[in-house]
Amino acid sequence: MLLELQDICFERDNKKILNNINLTIDLEKFIAITGPNGSGKSTLVKIIMGIEKPDSGKIIFNGKDITNLSINERANLGISFAFQQPVKFKGITVYDLLKMSAKKKITKKEACEVLSRVGLCAKEYVDREVNGSLSGGELKRIEIATVVLRGAKLTIFDEPEAGIDLWSFNNLIEVFENMRELIKGTTLIISHQERILNIADEVILLKAGKIANRGSSKDILEQELINKKCCKIRKCNS
Amino acid sequence: MSDKINQIDKDLLNEVSNLDNITSGAYNIRKNGQGIERKVTDNVNIVTKTDKPGIDIYVKENTKFEFIHIPVIITESGLTDLVYNDFYIGKNANVIIIAGCGIHNDHHKDSQHDGIHRFYLEEGAKVKYIEKHYGEGTGDGKRILNPVTEVHLKAGSSMEMESAQIKGVDSTIRETKGVLEENTNFVVTEKIMTHGEQFAKTIFDVELNGENSSTHVTSRSVATNNSKQYFISKIYGNAKSFSHSECDAIIKDNAKVVATPEVTANHVDANLIHEAAIGKIAGEQIIKLMTLGYSEEEAEQEIINGFLK
Ligand SMILES: Nc1ncnc2c1ncn2[C@@H]1O[C@H](COP(=O)(O)OP(=O)(O)OP(=O)(O)O)[C@@H](O)[C@H]1O
Ligand SMILES: [Mg+2]
């Protein structure tokens with residue numbers, strides 16, 4: 001087992017954002033987390049990375065209790081995180097950021113290779129600053145490149161598809177499909193995209209801060225469809 | 001290089017401009033108020049002023065891509081060095097001028113260098129001017145630098161000025177003045193970092209007198225501890241012209257940064273923009289670098305290094 005969450009609770013403004021989450025994730029798996037807006041998906045992965053601290057509960061990573069470790073300690077143990085909204089930096093170039101991300105020294109050529117892999121024409125980007133002059137989609141791909149380079153035991157993506165156009169989306173799917181061979185780690189990916197859910201080993205459905213379901217994407221999607229129909233019928237009857 | 005130059009001098013020179021590069025073109029090295037080394041070339045002549053301390057630098061017209069180094073070093077505590085350097089750049093000449101001042105002060109008395117640099121660019125001339133300021137030493141004597149730069153641009157000429165003061169200067173008042181004729185462009189980028197009780201004041205004063213003159217003034221600074229920075233930009237649009245001035249500052253601890261824009265449009269087609277952004281390092285930037293394995297302190301340092309790069 002790679003990761004275990006025990007009784008994780010997170011409450012803000014009298015709202016139970018995460019309500020007693022218990023979860024285990026195995027080595028070398030591709031797991032998708034899905035669920036409605038505001039259901040607590042981002043909060044859950046931030047708690048795994050250490051960006052948010054749970055009010056109660058325990059996080060075990062690779063056999064070690066990491067609940068009280070800082071973000072960078074977790075990063076150095078092998079957790080990596082791609083933000084839903086990538087961070088911008090004035091003065092820091094794409095190459096600088098990729099150099100900071102890689103654990104070993106990388107050449108500009110290697111940096112370009114990673115950029116190409118996430119669908120960016122590398123030459124045009126490698127020397128640009130990671131600032132507001134880049135478009136949302138470009139920033140998003142650079143963000144993905146930073147975590148691909150880390151090659152961590154556990155790589156978390158928070159809605160990697162957001163802001164990426166339909167045409168490039170196919171290439172991106174390939175990036176995720178290759179992730180497994182590429183970095184031989186576990187991928188935890190928040191997504192609303194059926195195509196991403198379909199390539200996952202397992203899908204976790206989060207609703208109102210609770211794990212509502214867990215299984216193959218086919219089962220989860222089917223059950224959701226049935227639930228929706230039931231709801232409609234119920235509404236009509238009442 | 002002569003034996004007038006010892007190891008401290010060499011280190012200081014290397015801080016303000018690379019020593020090997022200095023000797024590759026025309027140069028004039030000034031130490032403790034006196035010129036100690038000089039080289040002129042076919043296109044660049046350097047003449048000592050007779051009425052006041054300083055030099056006149058003449059660049060022949062049509063000179064292509066020559067380097068001129070004029071570093072100043074001060075190692076004597078208690079010295080106030082005032083120098084006037086005038087640059088006359090001929091028509092269509094294209095040169096890179098590297099100036100800089102390094103102060104090493106191990107003692108109690110203040111050391112001060114006030115460099116007044118005036119540039120006269122003829123039609124079509126192009127200058128890149130790089131200026132670096134640096135202070136070091138263990139004494140409590142202050143290291144003070146007050147540079148004045150005055151730039152006169154004739155039609156079709158342009159100047160790009162980069163200045164940096166990253167370490168060890170206790171007090172600085174930096175004045176940069178530009179007078180622009182038609183079809184000229186003046187770009188200024190300055191980088192300042194202050195620590196401790198340091199004080200830095202920057203005043204830009206640019207007159208856009210000619211049609212299609214333009215200026216872009218950027219200040220990026222980091223203020224830490226109890227240091228104070230003032231950024232004043234006065235820009236006058238007296239013709240159809242364009243200006244963009246921006247002050248971008250990171251503030252830490254109890255530091256203080258004040259940005260005062262003063263843009264005056266005296267012409268209906270003057271387009272003058274000012275932006276100022278002052279704030280602490282964004283928490284999300286630190287978090288992102290922490291997810292890459294950097295500690296909070298390391299992350300801050302990386303962000304500042306990038307910002308001032
Ligand atoms: N620090 C906080 N303080 C108050 N409310 C918070 C805090 N963090 C998250 N929330 C709230 O918790 C809920 C869950 O947020 P979260 O970002 O985890 O949702 P999500 O499932 O990722 O949604 P989306 O699909 O829109 O990205 C939201 O209602 C959000 O406003
Ligand atoms: Mg989210």
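Only heavy atoms go into these numbers, but all of them, side chains included; no hydrogens, no water, no symmetry mates. So you know, we letter chains A, B, ... as the sequences are listed, proteins then strands, and number each from 1. What you see is a predicted model; the values in this text were computed from it and never measured.
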Enquirer: Given B/D170 and B/F199, is the side chain to side chain contact (heavy atoms under 4.5 Å, CB included) satisfied, shown in steps?
Expert: CA-CA 6 Å; B/D170 295 298; B/F199 167 87; over 6 Å; no
Enquirer: Hydrogens and angles aside, do B/T202 and B/E190 bring a side-chain donor and acceptor to less than 3.5 Å of each other?
Expert: yes
Enquirer: Just verifying a value: how many Å separate A/I189 CD1 and A/I196 CD1, rounded to the nearest 0.5 Å?
Expert: 4.5 Å
Enquirer: Over all heavy atoms of both residues, which pair between B/N225 and B/G196 is shortest? Give the atoms and the distance, please.
Expert: OD1-N, 2.8 Å
Enquirer: Applying a heavy-atom distance below 4.5 Å, give me the residues of residues 75-92 of chain A that approach chain B, sorted by number.
Expert: A/A75, A/N76, A/I79, A/F81, A/F83, A/V87, A/K88, A/F89, A/K90, A/G91, A/I92
Enquirer: Tell me the closest heavy-atom pair linking B/I144 and B/I103, and the distance in Å.
Expert: O-CD1, 3.7 Å
Enquirer: Looking at CG of B/N146 and NZ of B/K201, how far apart are the two atoms once the value is rounded to the nearest 0.5 Å?
Expert: 10.5 Å
Enquirer: What residues of residues 123-151 of chain A sit under 4.5 Å from chain B when you count only heavy atoms?
Expert: A/E129, A/E143, A/T146, A/R150
Enquirer: For residues A/I33 and A/L44, report the shortest heavy-atom separation together with the two atoms involved.
Expert: CD1-CD2, 4.1 Å
Enquirer: By number, which residues in residues 51-73 of chain A have some heavy atom less than 4.5 Å away from chain B?
Expert: A/I51, A/I71, A/N72
Enquirer: If you take all heavy atoms of B/S227 and B/T194, which pair is closest and at what distance?
Expert: OG-OG1, 2.8 Å
Enquirer: Sort out for me which of B/E296, B/E302, B/E298, B/R220 touches chain A most, counting heavy-atom pairs under 4.5 Å.
Expert: B/R220
Enquirer: Heavy-atom pairs under 4.5 Å with chain A are the metric here; pick the option from B/E284, B/K309, B/Q285 that has the most.
Expert: B/Q285
Enquirer: Can you say whether A/M49 sits under 4.5 Å from chain B via the side chain, the backbone, both, or neither, judging by heavy atoms?
Expert: side chain
Enquirer: Should A/D158 and A/S42 be marked as a side-chain hydrogen bond (donor to acceptor under 3.5 Å, both in side chains) after you check the CA-CA gap, both sets of side-chain angles, and the distance that decides it?
Expert: CA-CA 7 Å; A/D158 195 348; A/S42 292; 2.7 Å; yes
Enquirer: Identify the residue among A/L188, A/I48, A/T187, A/L5 that makes a side chain to side chain contact (heavy atoms under 4.5 Å, CB included) with A/I25.
Expert: A/L188
Enquirer: Name, in order of residue number, those residues of residues 6-18 of chain A that have a heavy atom at a distance of less than 4.5 Å from a heavy atom in chain B; otherwise write 'none'.
Expert: none
Enquirer: In terms of the angle between their ring planes, are B/F242 and B/H244 parallel, tilted or perpendicular, with boundaries placed at 30° and 60°?
Expert: perpendicular
Enquirer: What distance separates A/L98 CG from B/L292 CG, expressed to the nearest 0.5 Å?
Expert: 10.0 Å
Enquirer: If you tally heavy-atom pairs under 4.5 Å against chain A, which of B/A282, B/A299, B/G306 wins?
Expert: B/G306
Enquirer: Taking the side chain as every heavy atom from C-beta outward, state whether A/I106 and A/K99 have any pair of such atoms under 4.5 Å apart.
Expert: yes
Enquirer: Using 30° and 60° as the class boundaries, would you call the ring planes of B/H274 and B/F231 parallel, tilted or perpendicular?
Expert: tilted
Enquirer: Is there a side-chain contact between A/T186 and A/F30 (heavy atoms, below 4.5 Å)?
Expert: no
